[in-house]
Amino acid sequence: MSVRKLPAPQPNPETQAFWDGLDAGVLRIKTCVDCQQTHYYPRHICPHCGSADTRWLDSAGTGEIYSLSVMRRGEGAPFAVAYVTLDEGPSVLTNLVAENLDSLAIGQRVRLMPQSSDADHAGDGPALPFFTAIGD
């Protein structure tokens with residue numbers, strides 16, 4: 001199972017807790033105190049109601065594939081990208097890891113599998129939110 005190497009993220013004060021969570025194996029998403037909606041990507045202002053009263057929530061890190069595409073040409077191919085709808089509600093654009101990319105399917109259950117980014121091609125950079133099929 002090869003893992004797609006991507007550039008290291010550039011955290012800022014607003015997203016640092018997200019990246020720290022991934023390094024610890026936890027996917028953190030935001031939830032709004034005012035409207036109770038969860039959202040992803042992490043940002044301070046709620047995209048649903050505009051409130052600045054948001055809190056971090058540790059996601060279960062599980063969900064299902066909403067849409068996916070397997071890339072067979074280009075640098076790093078083959079690899080799969082997908083929208084995964086988390087059990088908490090928001091959808092995440094992510095990469096999928098699988099022994100056989102053709103075994104992935106819409107509706108399939110997946111779980112978080114943080115992978116190291118390609119910091120200077122050493123593969124030891126900060127973690128990125130990859131997902132894998134449950135059972136793999």
Side-chain angles (χ1 to χ4, degrees):
M1 172 174 4
S2 67
V3 176
R4 184 172 178 219
K5 295 297 182 184
L6 297 170
Q10 300 296 311
N12 61 47
E14 189 174 22
T15 63
Q16 189 64 55
F18 173 80
W19 299 112
D20 290 345
L22 280 176
D23 283 339
V26 176
L27 179 65
R28 291 187 178 139
I29 58 177
K30 284 288 201 130
T31 187
C32 179
V33 173
D34 290 338
C35 73
Q36 305 299 310
Q37 296 289 314
T38 56
H39 58 272
Y40 181 89
Y41 66 92
R43 53 196 177 266
H44 183 66
I45 303 295
C46 174
H48 302 286
C49 73
S51 171
D53 195 2
T54 60
R55 302 285 186 264
W56 288 104
L57 170 72
D58 287 354
S59 166
T62 55
E64 70 177 43
I65 298 172
Y66 174 78
S67 176
L68 77 125
S69 183
V70 176
M71 308 302 173
R72 300 194 187 280
R73 296 197 289 183
E75 187 175 341
F79 60 91
V81 294
Y83 275 104
V84 168
T85 302
L86 299 174
D87 292 341
E88 293 83 6
S91 293
V92 176
L93 178 61
T94 188
N95 289 268
L96 298 175
V97 177
E99 289 288 335
N100 176 5
L101 296 176
D102 292 326
S103 69
L104 298 170
I106 292 171
Q108 189 171 20
R109 297 286 300 162
V110 292
R111 65 175 169 78
L112 179 68
M113 184 179 187
Q115 299 291 311
S116 176
S117 62
D118 191 14
D120 298 323
H121 305 289
D124 59 357
L128 297 173
F130 283 58
F131 282 76
T132 190
I134 292 177
D136 278 0

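We count residues from 1, following the sequence as given.
- Of all the heavy atoms in Phe18 and Leu27, the pair that sits closest is CE1-CD1, 3.6 Å.
- You'll find the side chain of Leu128 stays beyond 4.5 Å of the side chain of Leu22, heavy atoms only.
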- [ ] Start with the C-alpha distance between Leu104 and Phe131, add both sets of side-chain angles, then the distance that settles side chain to side chain contact (heavy atoms under 4.5 Å, CB included), and finish with yes or no.
- [x] CA-CA 11 Å; Leu104 298 170; Phe131 282 76; over 6 Å; no
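- Residues Pro90 and Ile29 have side chains in contact (heavy-atom distance under 4.5 Å, counting atoms from C-beta outward).
- In this structure a side-chain-to-backbone donor-acceptor pair under 3.5 Å is present from Thr54 to His44.
- One N or O on the side chain of Thr132 and one on the backbone of Val97 form a donor-acceptor pair closer than 3.5 Å.
- A salt bridge links Arg109 to Asp87: one of the charged nitrogens lies within less than 4.0 Å of a carboxylate oxygen.
- Follow the hydrophobic side-chain contacts under 4.5 Å out from Leu93 and you never reach Val70; the two are in separate clusters.
- Counting heavy atoms from C-beta outward, Asp20 and Arg28 have side chains that approach closer than 4.5 Å.
- Between atom CZ of residue Phe130 and atom CG of residue Leu112 there is a gap of 11.0 Å, rounded to the nearest 0.5 Å.
- Placement of Val81 and Leu68 in two distinct hydrophobic clusters is found when ILVMFWY residues are connected by side-chain heavy-atom separations under 4.5 Å, directly or transitively.
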- [ ] Start with the C-alpha gap between Trp56 and Val26, add the side-chain angles, then the distance that decides, and say whether side chain to side chain contact (heavy atoms under 4.5 Å, CB included) holds.
- [x] CA-CA 11 Å; Trp56 288 104; Val26 176; over 6 Å; no
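- The shortest distance between side-chain heavy atoms of Glu14 and Arg43 falls below 4.5 Å.
- Taking both residues in full, the closest heavy atoms of Pro114 and Gly25 are given as CG-CA, 4.0 Å, listed atom of the first, atom of the second, then distance.
- Looking at Trp19 and Pro9, their side chains come closer than 4.5 Å, going by heavy atoms from C-beta outward.
- The nearest pair of heavy atoms linking Ile65 to Ala82 is CG2-CB, 4.4 Å.
- Distance check: Met113 CE to Asn95 CG gives 12.5 Å after rounding to the nearest 0.5 Å.
- The heavy-atom pair separating Met71 from Ala77 by the smallest distance is O-CB, 3.9 Å.
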- [ ] Take Leu96 and Val84, measure what side chain to side chain contact (heavy atoms under 4.5 Å, CB included) needs, and give me the verdict at the end.
- [x] CA-CA 9 Å; Leu96 298 175; Val84 168; 4.2 Å; yes
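- Hydrophobic clustering (side-chain heavy atoms under 4.5 Å, transitive across Ile, Leu, Val, Met, Phe, Trp, Tyr) groups Ile106 together with Leu101.
- The side-chain heavy atoms of Thr38 and Tyr40, taken from C-beta on, include no pair separated by under 4.5 Å.
- No donor-acceptor pair closer than 3.5 Å links the side chain of Thr85 to the backbone N or O of Tyr66.
- To the nearest 0.5 Å, the span separating SG on Cys49 from CD on Gln37 amounts to 8.5 Å.
- Among all heavy-atom pairs drawn from Ser51 and Asp34, the shortest one is OG-OD2, 2.6 Å.
- Of all non-hydrogen atoms in Ser59 and Glu88, the two that sit nearest each other are OG-OE1, 3.0 Å.
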